[in-house]
Amino acid sequence: AVGAGKLDEDVLEEIEEILITADLGVETSMELCERLRKRSQVKTLVGDEVLIAIQEILEDMLEENTSGRPVDTDEEDDPENEREIGDSPATPHVTFIIGVNGSGKTTSIGKLANYYSRQGEKVLIVAADTFRSAAVEQLSVWAERADVEITRGVTGADPGAVVFDGLQSAVSRGIDRVFVDTAGRLHTNVNLMRELEKLDRVAKKIVPDAPHEVYLVIDGTTGQNGISQAKRFMESLPITGLIVTKLDGTAKGGVILPIGRELKIPVKWIGLGEGMEDLVPYAPEFVVRAIFA
Amino acid sequence: ELTEKLDGFFSKLKGRGKLTEQDVKAALREVRRILLEADVNFRVAKEFLKKVEERAIGEEVLKSITPAQQVIKIIHDELIELLGDNWTQLKRSKEPPTVYLMVGLQGSGKTTTTGKLGNYLKKRGMRPLLAACDLQRPAAIDQLERVGEQVGLQVVSRVADTPLEVARLAKKRARSEGWDTLIVDTAGRLHVDDALMEELAQIKEELHPAEVLFVADGMTGQDAVNSAQAFSERLGITGVVLTKMDGDARGGAALSIRHVTGQPIRFTGMGEKLDALEEFHPSRLADRILG
Ligand SMILES: Nc1nc2c(ncn2[C@@H]2O[C@H](COP(=O)(O)OP(=O)(O)OP(=O)(O)O)[C@@H](O)[C@H]2O)c(=O)[nH]1
Ligand SMILES: Nc1nc2c(ncn2[C@@H]2O[C@H](COP(=O)(O)OP(=O)(O)OP(=O)(O)O)[C@@H](O)[C@H]2O)c(=O)[nH]1
Ligand SMILES: [Mg+2]
Ligand SMILES: [Mg+2]
């Protein structure tokens, strides 16, 4: 068993199984085991040292995923970049929330709106999912729970029109932060991906730098298809971060590692339940612990 | 693609003379990788390939002039056998209404599939009634009501304060009004949420459904075995609907779910529209998993 004795080929196979079962995928799991093997050739790893080494390598890999990125999305956490209320910047900070069907976008927006509103920011939610049955109603409940404003259109309205109205309203009312909910869509649907690009263009008409943040929401139970999702969505919009949801279940969310490695997209938030408080800022220890839980 | 990979693999080996069991093992390690990348569960893939290996050796692949073709045929046949024989009709109850209970994790597609299944049965001459037993997700009832309108089916909703009570009243209404089928939508829930799994067990107890359909997202990874097994043990499921298969998810979860529950995949969801429900065909999914 891992961490019982010294690291040998049998233990390495066991570790590979644990990583693959955590959805890291074959390639990333093999890469991690290779690094582990090399370390143990330098100095034999025994007992707890094995687990510690794995944790360190995982943290290294997670760190590498977010370095060398052109967009410094960690500005969010940089105290110097904290938006002071009353700073009144000319335009609102705009975040698009995108992802495949049922991943947890609408719920995550409710949580995010609450989070920032609690910090004293004036938040507006834009209900740009005008397609799915009762999507606007669902988001409206969240707006009410988070006690924030919401811009809606009529069902079947053009989502671009709702984004346009929402951002105009945000600018004229001095909103600090806007969250745009979009309809779930499969990354393989070319028309729907084009629709996303159109929303991007519409947003830029009102706020030239928008969207400042684009979060791809990934269901924590997703397997290797998560890589394809990230790749394809990235072709339409520059994704600045991942929200990984439903990690309150038994899934480990390991697909964030190959996504990070191939596309350099960092994880920003983790969804841990269906309630408004069930969203935490990402921390690497979270992933490492979850994998070996 | 698999044929080319194995062909290339074996032709390299044959160059050195006749094939050995080790060669077959090595080839199957390559297949294992393909299965894992297709999201087949690790243990399930291992057990599956063990069977394939036994058959391959038993069928004297070592002596074959076309070992790659033979191994692939074995893999394909074993996959189809595992995925379940060809499509069988949903069960009906002796006494109407036949009840179908839709269960699964959050966001898997239950509400949409409830509408799709109603539409499917209606087209085949049934009179299905839908029941909105998700009282927890914001606007879930609205969603099913809209879905019902879109397919011209009535929805029992807002008749009580608990899912169990709505279920009970829905069945009562179905009986008294002569509906032949009742399809019950429930809230998404985690298999590790004891209280909600218990609630579902009580709903099942109340309804005596002819089918308990586990609605699973086609892009689920290794965790598919955990949720499927838990739902199966705690509730007993009779069939599976694999949703969002109109994307490029390979669908290995189907193999895992089938393997761990022993229940057949009934349908696949092939889009957001309410007519996008297809009867399950194992050969199509086998090809997809093998890439
Ligand atoms: N357990 C758990 N459930 C979650 C989490 N996030 C979202 N959900 C649930 O997942 C389901 C789908 O969430 P939605 O917010 O509707 O997902 P969506 O991406 O907006 O869905 P579409 O708009 O239809 O594409 C709901 O039942 C949510 O309550 C989470 O972190 N944990
Ligand atoms: N592309 C595609 N989308 C689907 C399919 N089935 C459902 N969806 C979409 O997946 C999302 C979630 O579907 P729902 O029916 O709300 O899922 P649910 O299981 O009822 O969700 P909860 O009640 O929150 O657990 C919606 O956006 C649906 O339109 C499918 O087969 N293909
Ligand atoms: Mg939504
Ligand atoms: Mg639902």
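Every chain is numbered from 1, with letters handed out A, B, ... down the list of sequences.
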Do B:M102 and B:V215 touch side chain to side chain, with heavy atoms closer than 4.5 Å?
yes
Can you find a heavy atom in the side chain of A:R152 that is under 4.5 Å from one in the side chain of A:V162?
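No. Closest side-chain heavy atoms not under 4.5 Å.
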Any idea which of [options] has the most non-hydrogen atom pairs under 4.5 angstrom with chain A?
options                        : answer
B:D39, B:N41, B:L190, B:V192   : B:D39
B:E37, B:K46, B:Q106           : B:Q106
B:K244, B:R32, B:E149, B:E272  : B:E272
B:Q136, B:Q150, B:E145, B:R137 : B:R137
B:D142, B:T220, B:I141         : B:T220

Measure [X] against the heavy atoms of chain B and call it side chain, backbone, both or neither at under 4.5 Å.
X      : answer
A:N189 : neither
A:Q229 : side chain
A:E274 : side chain

Run the numbers on A:D8 and A:R37 for salt bridge (Lys or Arg N to Asp or Glu O under 4.0 Å), then give the verdict.
CA-CA 9 Å; A:D8 57 22; A:R37 191 180 280 118; over 6 Å; no
Measure B:N226 against the heavy atoms of chain A and call it side chain, backbone, both or neither at under 4.5 Å.
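Just its side chain gets close to chain A.
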Chain A contact via B:D246 - which portion, at a heavy-atom distance below 4.5 Å
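Both backbone and side chain.
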Is B:R266 reaching over with its side chain to a backbone N or O of B:G239, donor-acceptor style, under 3.5 angstrom?
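No; zero donor-acceptor contacts below 3.5 Å.
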Do any N or O atoms from the side chain of B:S108 and from the backbone of B:G104 form a donor-acceptor pair under 3.5 angstrom?
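Answer holds: no.
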Would the B:Y120 and B:F267 ring centres measure less than 6.0 Å apart?
yes
Going by the side chain to side chain donor-acceptor pair (under 3.5 Å) test, name the single residue among B:T186, B:D134, B:D185 that passes it with B:T111.
B:D185
Taking [options] one by one, which has the highest count of heavy-atom pairs under 4.5 Å against chain B?
options                : value
A:T106, A:I227, A:N225 : A:N225
A:T107, A:V255, A:D248 : A:D248
A:G249, A:G102, A:S133 : A:S133

Relative to each other, are the rings of A:W269 and A:Y215 parallel, tilted or perpendicular (30° and 60° limits)?
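The rings of A:W269 and A:Y215 stand perpendicular, inter-plane angle above 60°.
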Neighbour count above 12 (heavy atom, 6.0 Å) for B:R43 CZ
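Atom CZ in B:R43 is not packed in, count stays at 12 or less.
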